[in-house]
Visitor: 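Encoded as structure tokens, here's the structure I'll be asking about.
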Amino acid sequence: MGALLVLGAYLLVSSGHVSGKSALFQWMNALGSALFILNTWWHGAIPSMVLNIIWLCIGAVALLRIARPGR
């Protein structure tokens, strides 16, 4: 499910259906990376888990900026 969300978000942006600054894109990436974190933790793939934690943080910051457009 995580892979489908991240790939779906990339497809939507690449095809021009959504903007990279849209909440939909950021939510799909954040949720997808959260699911990847669970999967990689379960399998002990620490480097991939760290990458996805960073990916989730980037998405969370972007969502905060979207929620507070004046800042």
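Note that this is a predicted model, so its numbers are computed, not measured.
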Visitor: Answer yes if Leu56 and Met49 sit in the same cluster of Ile, Leu, Val, Met, Phe, Trp and Tyr residues linked by side chain heavy atoms under 4.5 Å apart, and no otherwise.
Guide: yes

Visitor: Can you find a heavy atom in the side chain of Leu12 that is under 4.5 Å from one in the side chain of Met28?
Guide: yes

Visitor: Distance check, rounded to the nearest 0.5 Å: Asn39 atom CG versus Asn52 atom CG?
Guide: 9.0 Å

Visitor: Taking the side chain as every heavy atom from C-beta outward, state whether Asn29 and Leu5 have any atom pair closer than 4.5 Å.
Guide: no

Visitor: Could you see if Val13 belongs to whatever hydrophobic cluster contains Leu24? Use Ile, Leu, Val, Met, Phe, Trp, Tyr and a side-chain cutoff under 4.5 Å.
Guide: yes

Visitor: Would you say Ile53 ends up clustered with Ile58 if hydrophobic residues are merged whenever their side chains have heavy atoms under 4.5 Å apart, either directly or through other cluster members?
Guide: yes

Visitor: Do Lys21 and Ile66 have side chains that approach each other closer than 4.5 Å (heavy atoms only, starting at C-beta)?
Guide: no

Visitor: Would Trp42 end up clustered with Leu38 when hydrophobic side chains under 4.5 Å apart are linked, directly or stepwise?
Guide: no

Visitor: Might you point out which heavy atoms bring Gln26 and Gly59 nearest each other, and give the distance in Å?
Guide: OE1-CA, 3.7 Å

Visitor: Can you tell me how far apart CD1 (Ile46) and CG (Leu51) are? Round to the nearest 0.5 Å.
Guide: 12.5 Å

Visitor: Would you call Ile37 and Trp55 a side-chain contact if the rule is heavy atoms closer than 4.5 Å?
Guide: no

Visitor: If two hydrophobic side chains count as joined below 4.5 Å and joins carry through other members, does Phe36 share a cluster with Leu4?
Guide: no

Visitor: Could you tell me which non-hydrogen atom of Tyr10 sits nearest to which non-hydrogen atom of Phe25, and how far apart they are?
Guide: N-CE1, 4.3 Å

Visitor: Looking at every heavy atom in both Ser33 and Ala30, which two are closest together, and how far apart are they?
Guide: OG-O, 2.9 Å

